[in-house]
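Order of the sequence lines sets the chain letters (A, B, ...), proteins ahead of strands, with each chain counted from 1. All figures in this text were calculated on a predicted structure; none of them were measured in a lab. All values below come from the heavy atoms of this structure, side chains included, with hydrogens, waters and symmetry mates left out.
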Amino acid sequence: KAGVTQTPRYLIKTRGQQVTLSCSPISGHRSVSWYQQTPGQGLQFLFEYFSETQRNKGNFPGRFSGRQFSNSRSEMNVSTLELGDSALYLCASSLSQDPPYSPLHFGNGTRLTVT
Amino acid sequence: GIQVEQSPPDLILQEGANSTLRCNFSDSVNNLQWFHQNPWGQLINLFYIPSGTKQNGRLSATTVATERYSLLYISSSQTTDSGVYFCASEGSARQLTFGSGTQLTVLP
């Protein structure tokens, strides 16, 4: 089975622009969650989607948004980029949250640099 | 909210040595997990261990939920074990609260 695929791998944008990141989960996985990793704040939860519905959102401004398509692929969008948005963005997929425990599988991430 | 603290922040070992990484959490946690982040950035799920002890090859983990800590043991370390080790508590809808990590460097 192919793993979680995130594209692009690297991205350079300038302040004020917007960006869209893509995540293709493992086949059959319906839950997709997103995390931001920075040296200062560490790994922080952005949001989670299950069957096209956002079920949970972390403490991030409204500039961060996402969606999930019927094939479970997910995109996240960041508008009006700021320098502080430079980070590694990680996507994870899982079968579900319900018991029995379903492990999270992470992709390689998208490294975003805002200049 | 739940606080997750890890120690030590950095650890340098010679190949073949053993190590213990610690994770303390502030309150009762659900679904305590350990991850390894490789040099390419990918997070690999090592253990799901809300309580008790589990072993997988040279790695083992123990969680004592009543005392709010978890330990990750690495025996006979190899250079490929290098990277950052995170523990995390999982809340609702797959929301993980991560610790700040332990940077492990294994020297040949």
Subject >> Close contacts, residues 35-42 of chain B versus chain A, judged by heavy atoms under 4.5 Å >> reply: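 Residues in range: Phe35(B), Gln37(B), Trp40(B), Gly41(B), Gln42(B).
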Common cluster, [X]/[Y], ILVMFWY with side-chain heavy-atom separation under 4.5 Å:
X	Y	result
Ile12(B)	Val84(B)	no
Tyr85(B)	Leu13(B)	yes
Phe106(A)	Val32(A)	no
Leu21(A)	Phe60(A)	yes
Val19(A)	Tyr10(A)	no

Can you confirm whether [X] is buried at [atom1], in the sense that more than 12 heavy atoms of other residues, nucleotides or ligands lie under 6.0 Å from that atom?
X	atom1	result
Leu107(B)	CG	yes
Asn59(A)	CG	no
Arg15(A)	CZ	no
Glu5(B)	CD	no

**OP:** Could you walk me through whether Leu43(B) and Leu90(A) pass the side chain to side chain contact (heavy atoms under 4.5 Å, CB included) test, one step at a time?
**Re:** CA-CA 9 Å; Leu43(B) 277 167; Leu90(A) 291 163; 3.8 Å; yes
**OP:** Could you tell me which portion of Tyr35(A) (side chain, backbone, both or neither) has an atom closer than 4.5 angstrom to a non-hydrogen atom of chain B?
**Re:**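 The side chain, not the backbone.
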Original post:
Under a 4.5 Å heavy-atom cut-off, does chain B meet the side chain of Leu104(A), its backbone, both or neither?
Top reply: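 Both backbone and side chain.
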Original post:
Between OG of Ser94(A) and CD of Glu90(B), what distance do you get to the nearest 0.5 Å?
Top reply: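 Reported value, rounded in 0.5 Å steps: 7.5 Å.
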**OP:** Measure the CG-CG distance between Leu96(B) and Leu43(A) for me, rounded to the nearest 0.5 Å.
**Re:**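 If I round to the nearest 0.5 Å, the distance is 9.0 Å.
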**OP:** Please determine, among Gln37(A), Gln6(A), His105(A), the option with the most heavy-atom pairs under 4.5 Å with chain B.
**Re:**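 The candidate making the most pairs under 4.5 Å is Gln37(A).
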